[in-house]
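All remarks here apply to the structure that follows.
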Amino acid sequence: MEKIIIDGGNALHGQVSISGMKNAATPIIFACIAVDDVCVIENLPRINDVEIALNLVKSVGGKVRFLTETSVEIDTRGVEPVSAPCELVRKIRGSYYLIGAMLARFGRAMVALPGGCDIGARPIDQHIKAFEALGASVMLDSSFIEARTETGLCGNHIYFDCVTVGGTINAILAAVKAKGQTVIENAAREPHVVDVANFLNYCGANISGAGTGTVKIRGVERLSGCTYAVIPDMIEAGTFMMAAAATGGRLYIRGVIPKHLEATSAKMIEMGVSVEEMDDAVLVTRKGPLSPVNIKTLPYPGFPTDMNPQVAVLLCLASGVSRLSETVYENRFRYTEELRRMGAHIQVERNTAVITGTDVLHGASVRAVDLRAGAAMVIAGLAAEGRTVIDDIFHMERGYVDMVGKIRSVGGNIRKIAIPASYDKEDFENGGSHERDQRF
Ligand code: EPU
C-alpha cells in the first residue's frame, strides 16, 4: 500500500517541465496498429496508462522497444486480428481505440468494454454509431463489443449527438483507410484530436479540419511509419498552474503550448493570478488574494472538465462565493467530500458546486477518488496547514509523470511512502516512526 504525505505551507517556486499528453499518447499508440509499419513515438509520458496501452499492442502481436526514456519504437507489422486480454483492456479507458484501429486494419475487432475513472456513465453509443455509419456491423453485450465488415468500410457522413473526444478519434481511426470520404460533424476540437490526426497525416493519411467541428477524412490505401512527438499535456500544465497559485508561489512551467491553456489561464487571471505567456512556457505568480469566479466546464476550447477538481481547490481559497458547473460528467464532484474534510465549504447542487472560500485549509486524511481528484488533493495538501495523507494514489500514477518528484523539485514538502500491512494510523498521521520513506 502506498500513500502520499504532504506537509503543507510551502509556496512552490522554480521551474517545472511538462511531459507528453496522456490523452494524445494513448490513441497514437493504438493508431500505430492501423499504420501497419514501424513508428517512433517521442515525448511519451511514462505513466501507467501508456504502459498498459503498449502492453495491449504487444498482446495482439506488436513489438515495442524503448529507444530512450521517452521515445519508443512500435512495430505493428506482426499484429493479428485477435482480441486483447480483458484484464488489460479493462484497466484503461483508451483501450476502446483498439476497435477503430483494428477495424481500419483488418475489418474486424473484438474488444472487452474499457475501464477508466468513475466520473460518469461514459457510454460508447456514439462510437458505435460511427462504426455502423462506415458499414460495420456492431454487436455489444454487457462485457464485449464486436465490430466487423465483410465488404470493407466505406466513407460516410457521421453526425455526433454530443461532442465526444473518444468517438471523434475512433471515427477518424476507422475511416482512415475506408473507401471514399468521411465527414464527421460536431467533432471534438481538443488538441489531442488534432495530434492524432497530425500523426496519421505524417503516416500518409488524408485528414483535414481536425481542431474544428467538421473533420474530413479521405481514405488512403496504405499508411507508412513515421517519427512523431506527442504534444505536451495541457492538464498536467494546468495542474501545476493551480498548485503555484494555491500555494502563493511562482512557477515557470515550460514545454507547454500556451494556446491550449487559454481557458485555464483566463479563469486564473480573472481570479487575480498573474499568468504570463512565453513561446513554450507560462509563468504563474500569485501575490494577492483570490477573487471568486464562476466556471462552467465545456468541450475544448471551453474550460476542461479534467481541470474541474484542481480549480475547485483554488476556489476554496478565494474570498467569496464561486459556482463551478460541470457539463461533461455527472459524477465529477465525488472529490468535494474529501475537500470538506480539509475545511472547504462546498455544497453540490445538481451539476454545480457552490464554493465559499476560506482563509485556510487544514491537512487531513483523504482519498484520491479518481485521477484528477487525486491531483486536487495534492494541490489542497500543498496549500493547507499541517499534514495531508492521500490514499489510493494509484489513480495519479495512471496520468502524471513523477508528480511527487516534480513538486519536490520546486519546494513542495511531499513524499510517497510504502505502508506496512499493519501500522498505527494515529502515530503515522502525526509523523511517527512507522513511515518507510520511498522517495523518488
Ligand atoms: N458520451 C456519450 N456517448 C459516447 C461518448 C461520449 O454519451 O459514445 C458522453 C460521455 O458520457 C461524456 C461526454 O460525452 O458525458 C464526453 O465524453 P468523451 O467521449 O469526450 O470522453 P472520453 O473520450 O471518454 C476523454 C478523456 C477524458 C476526458 C474527456 C473529455 C481519454 C482516455 N479520456 O474521455 O480524460 O475527461 O475525453 O475531455 O482520452 C482524464 O484524463 O482524467 C480523463 C477522464
Side-chain angles (χ1 to χ4, degrees), residues 19-31 45 47-50 52-53 56 89-100 113-133 138 140 145 147 158-174 184 186-196 230-231 233-239 260 263-264 297-310 326-332 334-335 351 368-376 395-401 403:
S19 302
M21 187 181 212
K22 165 176 97 71
N23 291 343
T26 319
I28 288 173
I29 289 168
F30 290 116
I47 49 178
N48 284 354
D49 272 25
V50 161
I52 293 164
L56 279 164
V89 171
R90 294 206 173 104
K91 280 189 174 157
I92 59 169
R93 186 83 195 147
S95 45
Y96 50 35
Y97 296 125
L98 267 172
I99 311 168
L113 290 177
C117 287
D118 178 13
I119 47 182
R122 310 187 81 179
I124 57 165
D125 55 304
Q126 300 301 306
H127 302 234
I128 293 171
K129 177 174 154 172
F131 300 142
E132 287 177 340
V138 181
L140 180 72
I145 174 166
I158 299 166
Y159 175 80
F160 283 126
D161 300 324
C162 60
V163 178
T164 157
V165 171
T168 303
I169 293 176
N170 240 339
I172 292 174
L173 287 174
I184 306 172
N186 198 24
R189 292 182 277 167
E190 268 68 2
H192 26 307
V193 173
V194 180
D195 210 33
V196 177
V230 175
I231 53 169
D233 196 315
M234 63 184 199
I235 304 301
E236 187 196 16
T239 301
H260 296 169
T264 301
T297 65
L298 289 167
Y300 190 84
F303 191 90
T305 176
D306 291 342
M307 287 300 300
N308 168 330
Q310 302 91 314
E326 171 62 41
T327 73
V328 182
Y329 292 116
E330 62 277 18
N331 237 355
R332 259 294 185 207
R334 292 191 308 142
Y335 68 86
N351 75 332
V369 296
D370 60 56
L371 168 58
R372 307 304 172 186
H395 283 294
M396 280 109 95
E397 282 160 11
R398 286 190 30 227
Y400 287 92
V401 176
M403 186 185 230

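Read the numbers this way: they start at 1 and go in the same order the structure lists the ligands and their atoms. Since the model is a prediction, treat every value here as computed from it, not as a measurement. FYI, side chains are in, hydrogens and waters are out, and symmetry mates aren't considered; it's all heavy atoms of this structure.
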Test item: Ile124 and Leu113 side chains (from C-beta on) under 4.5 Å apart, heavy atoms: yes
Note: Asn48 and Arg398 closest approach over all heavy atoms is CB-CA, 3.9 Å
Are any side-chain N or O atoms of Arg332 and backbone N or O atoms of Asn308, one a donor and one an acceptor, separated by less than 3.5 Å? no
Tell me which part of Val163 gets within contact of ligand 1: side chain, backbone, both or neither, using heavy atoms under 4.0 Å. backbone
Can you check whether Ser19's main-chain N or O pairs, donor with acceptor, with Glu236's side chain at less than 3.5 Å? yes
Report the member of Tyr96, Tyr97, Phe160 with the shortest heavy-atom distance to atom 22 (P) of ligand 1. Tyr96
Report yes or no: does Gly399 have a heavy atom closer than 4.0 Å to ligand 1? no
Quick one: which ligand 1 atoms are inside 4.0 Å of a heavy atom on Val328? 12 (C), 13 (C), 15 (O), 16 (C)
For atom 5 (C) of ligand 1, tell me which residue out of Ser95, Pro123, Gly167 has the closest non-hydrogen atom. Pro123
Asn186 side chain to Tyr159 backbone, donor-acceptor under 3.5 Å: no
Subset of ligand 1 atoms that lie under 4.0 Å from at least one heavy atom of Gly166: 19 (O), 23 (O)
Select one of side chain, backbone, both or neither to describe which atoms of Arg122 lie under 4.0 Å from any atom of ligand 1, heavy atoms only. both
Taking a cutoff of less than 4.0 Å between a non-hydrogen atom of the residue and any ligand atom, is Asp370 in contact with ligand 1? no
Tell me which part of Val165 gets within contact of ligand 1: side chain, backbone, both or neither, using heavy atoms under 4.0 Å. both
Per-atom contacts, ligand 1 versus Leu371 - under 4.0 Å to a heavy atom: 42 (O)
Would you call the rings of His127 and Tyr96 parallel, tilted or perpendicular, taking 30° and 60° as the class edges? tilted
Using a 4.0 Å cut-off to any heavy atom of Lys22, which atoms of ligand 1 qualify? 40 (C), 41 (O)
Residue Gln126 vicinity, atoms of ligand 1 by number, heavy atom under 4.0 Å: 3 (N), 4 (C), 8 (O)
So, does Thr26 sit close enough to ligand 1 that a heavy atom of it is under 4.0 Å from the ligand? no
Do His192 and Asn23 have side-chain atoms, one donor and one acceptor, less than 3.5 Å apart? no
Under 4.0 Å between heavy atoms, the region of Asp306 that gets near ligand 1 turns out to be side chain
Quick one: does Asn351's side chain have a donor or acceptor within less than 3.5 Å of a partner on Thr327's backbone? no
Heavy-atom contacts under 4.0 Å between Thr164 and ligand 1: side chain, backbone, both, or neither? both
Taking heavy atoms and a distance under 4.0 Å, where does Tyr300 meet ligand 1: side chain, backbone, both or neither? neither
Quick check for you: to the nearest 0.5 Å, what is the distance between Met403 atom CE and Ile47 atom CD1? 11.5 Å
Side chains of Glu190 and Val196: does their closest heavy-atom pair fall under 4.5 Å? no
His127 and ligand 1 - part of the residue with a heavy-atom distance under 4.0 Å: both
